[in-house]
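What you are looking at is a predicted structure, and each value in this text was computed from that prediction instead of being measured. Residue numbers start from 1 in every chain, and the chains themselves are labelled A, B, ... in the order their sequence lines are given, proteins ahead of strands.
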2 protein chains.
Amino acid sequence: MVFDQIKKYYSNFIPMSDDDWNLLKPALRLVHLKKGEKLQSEGDICNDVTFCNKGLLKCYHIKDDKEYVEAFFTENEYLSDYTSFLLRIPGKLYIEAIEDCELVLLDYDTIQTFYSRVDNFQKFGRLMAEFLFIQISLRNNSLLFESPEKRYINFSKNRPDLIQRVPQYMIASYLGVTPEALSRIRKRLLS
Amino acid sequence: MVFDQIKKYYSNFIPMSDDDWNLLKPALRLVHLKKGEKLQSEGDICNDVTFCNKGLLKCYHIKDDKEYVEAFFTENEYLSDYTSFLLRIPGKLYIEAIEDCELVLLDYDTIQTFYSRVDNFQKFGRLMAEFLFIQISLRNNSLLFESPEKRYINFSKNRPDLIQRVPQYMIASYLGVTPEALSRIRKRLLS
DNA sequence: TTTACTTCTTGACTTAGGTCAAGAAATCAT
DNA sequence: ATGATTTCTTGACCTAAGTCAAGAAGTAAA
């Protein structure tokens with residue numbers, strides 16, 4: 001059923017007893033998003049963490065009328081504007097569907113309640129934050145210590161699915177270069 | 001006394017009862033490091049989180065014989081090679097004293113024990129990971145979306161203390177540019 | 001205070017990526 | 001299919017940062 005995927009995802013982090021699950025399940029909300037629709041815009045306080053059942057989304061922010069992609073999210077990935085979510089401040093991010101999406105949402109208040117009531121869930125929160133920290137550390141080092149060319153090579157290796165599904169100009173933005181530069185990098189790599 | 005600072009630090013994140021503190025205190029280890037000495041080298045599995053009572057350290061890694069500074073840590077800051085610490089894998093980081101340091105260490109096993117035994121501590125772990133996530137997100141965005149010049153200006157604003165205490169070539173590395181480039185940026189900014 | 005060492009600055013040159021603009025290729029809608 | 005729109009490529013030119021090398025300035029040690 002429609003919440004199976006997120007249940008399995010949670011189970012990767014903590015043992016999820018039937019009791020825990022039955023407590024959590026009623027709080028989950030299923031949301032559908034058409035390509036181009038936004039889950040969140042700049043200025044919103046991010047009030048949910050989102051699990052992607054199906055589809056593809058991008059997180060980006062806008063500066064000087066230009067889009068800067070910070071991350072892509074696809075099947076069985078967990079996403080949110082975590083900074084806004086945690087600090088309860090308006091975020092700078094847009095979250096937008098690149099393909100039609102089926103998403104599962106869980107709101108801030110429910111999560112906080114679960115943190116205090118279910119010890120396992122507190123642990124899940126820790127593991128999740130730790131996991132996100134490691135993820136973003138890797139990206140950090142990549143941006144700081146690797147050339148755009150190397151970043152593109154790695155991205156192709158690690159996310160061949162996204163190379164297929166995401167327009168090149170968005171990938172360029174994600175890698176921190178212009179579309180023109182990425183086009184030239186690709187040309188260089190062919191020869 | 002010598003553990004007052006870390007107690008206060010913990011108290012910023014969670015209420016720290018006398019019982020909790022008396023449980024934790026015996027596990028804390030005081031370590032002194034002379035300028036130039038290393039707390040950790042590449043290949044080590046990071047086995048402690050470290051709190052800085054006094055002094056100044058840098059985290060860096062080495063690639064093609066060049067040093068890449070990832071972070072500085074000074075009084076009342078918490079540091080570790082968190083990725084190595086969490087995943088229990090050999091790290092790529094060196095952690096080295098830029099000034100003589102007084103440090104408080106807490107080892108992995110103790111922390112894990114406390115996570116499972118003291119509910120408050122589980123929460124501390126979550127809050128800490130969340131905090132580190134937010135920190136590194138900010139740095140991430142700075143590296144990706146700001147010019148070296150902008151990064152230097154912000155760094156000067158946010159950490160005027162480090163501008164004074166850290167040699168310029170290390171700051172250059174931290175900002176992701178060569179010492180020559182930083183020297184020229186500074187020159188540009190004066191005129 | 002003289003010497004040695006470290007750190008910082010400057011110059012000359014190279015290069016990768018940015019910007020702007022035009023056109024080609026691919027995709028989508030009718 | 002056809003035309004419209006979006007996406008990708010290419011060219012020309014510019015600029016900031018990298019590299020290499022030399023020397024100045026600052027700091028520490030004898």
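Between B/Thr74 and B/Arg165, the closest heavy-atom pair is OG1-NH1, 3.2 Å.
Salt bridge absent: B/Lys54 and B/Glu75 never bring a charged side-chain N and a carboxylate O closer than 4.0 Å. With salt bridges taken as basic N to acidic carboxylate O contacts below 4.0 Å, one links A/Arg159 and A/Asp161. With salt bridges taken as basic N to acidic carboxylate O contacts below 4.0 Å, one links A/Glu130 and A/Arg126.
Taking atom CD of B/Gln164 as the reference point, atom P of C/dC8 lies 12 Å away to the nearest angstrom. The CZ-C1' distance, from B/Arg186 to D/dA17, rounds to 17 Å in whole Å. In this structure, A/Leu190 atom CG and D/dC8 atom C1' are separated by 14 Å, rounded to whole Å. Atom CG of B/Leu189 and atom C1' of C/dT9 are 15 Å apart (whole Å). The distance between atom OH of B/Tyr152 and atom C1' of D/dA17, rounded to the nearest whole Å, is 17 Å. Here the P atom of nucleotide C/dG18 and the CG atom of A/Asp65 are 18 Å apart, to the nearest Å.
Ranked by how close their nearest DNA chain D nucleotide is to the 5' end, B/Lys35 and B/Glu149 are led by B/Glu149.
Taking the centre and axis of the six-membered ring of B/Phe121, the NZ or CZ atom of B/Arg117 falls outside the cone set by 45° and 6.0 Å.
The side chain of B/Arg188 lies closest to D/dA17, out of D/dG11, C/dG11, D/dA17. Listed candidates were D/dT9, C/dT9, D/dG11. Nearest to the side chain of A/Arg184 is D/dG11. Side-chain proximity of B/Pro148 to D/dA17, D/dT10, C/dG11: nearest is D/dA17.
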Open item on the list: For A/Ser41 and A/Asp44: C-alpha separation, side-chain torsions, deciding distance, then whether side chain to side chain donor-acceptor pair (under 3.5 Å) applies.
Closed with: CA-CA 6 Å; A/Ser41 291; A/Asp44 295 350; 4.7 Å; no

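Computed from C1' positions of five pairs at each end, the angle between the two local axes of the helix from C/dT1-D/dA30 to C/dT30-D/dA1 equals 50°, rounded to 10 degrees.
The aromatic rings of B/Phe131 and B/Phe13 stand perpendicular to each other, their planes meeting at an angle above 60°, with 30° marking the opposite boundary.
Taken to the nearest 0.5 Å, the CG atom of A/Leu57 stands 11.0 Å off from the CZ atom of A/Phe72.
If you check residues 168-182 of chain A against DNA chain D, the residues with a heavy atom closer than 4.0 Å are A/Gln168, A/Tyr169, A/Glu180, listed by number.
Each of A/Arg139, A/His61, A/Lys58 was checked for a side chain to side chain donor-acceptor pair (under 3.5 Å) with A/Glu70, and the lone residue meeting it is A/His61.
B/Lys187 has no side-chain polar atom (N or O) that falls below the 4.0 Å cut-off from OP1 or OP2 of C/dT9.
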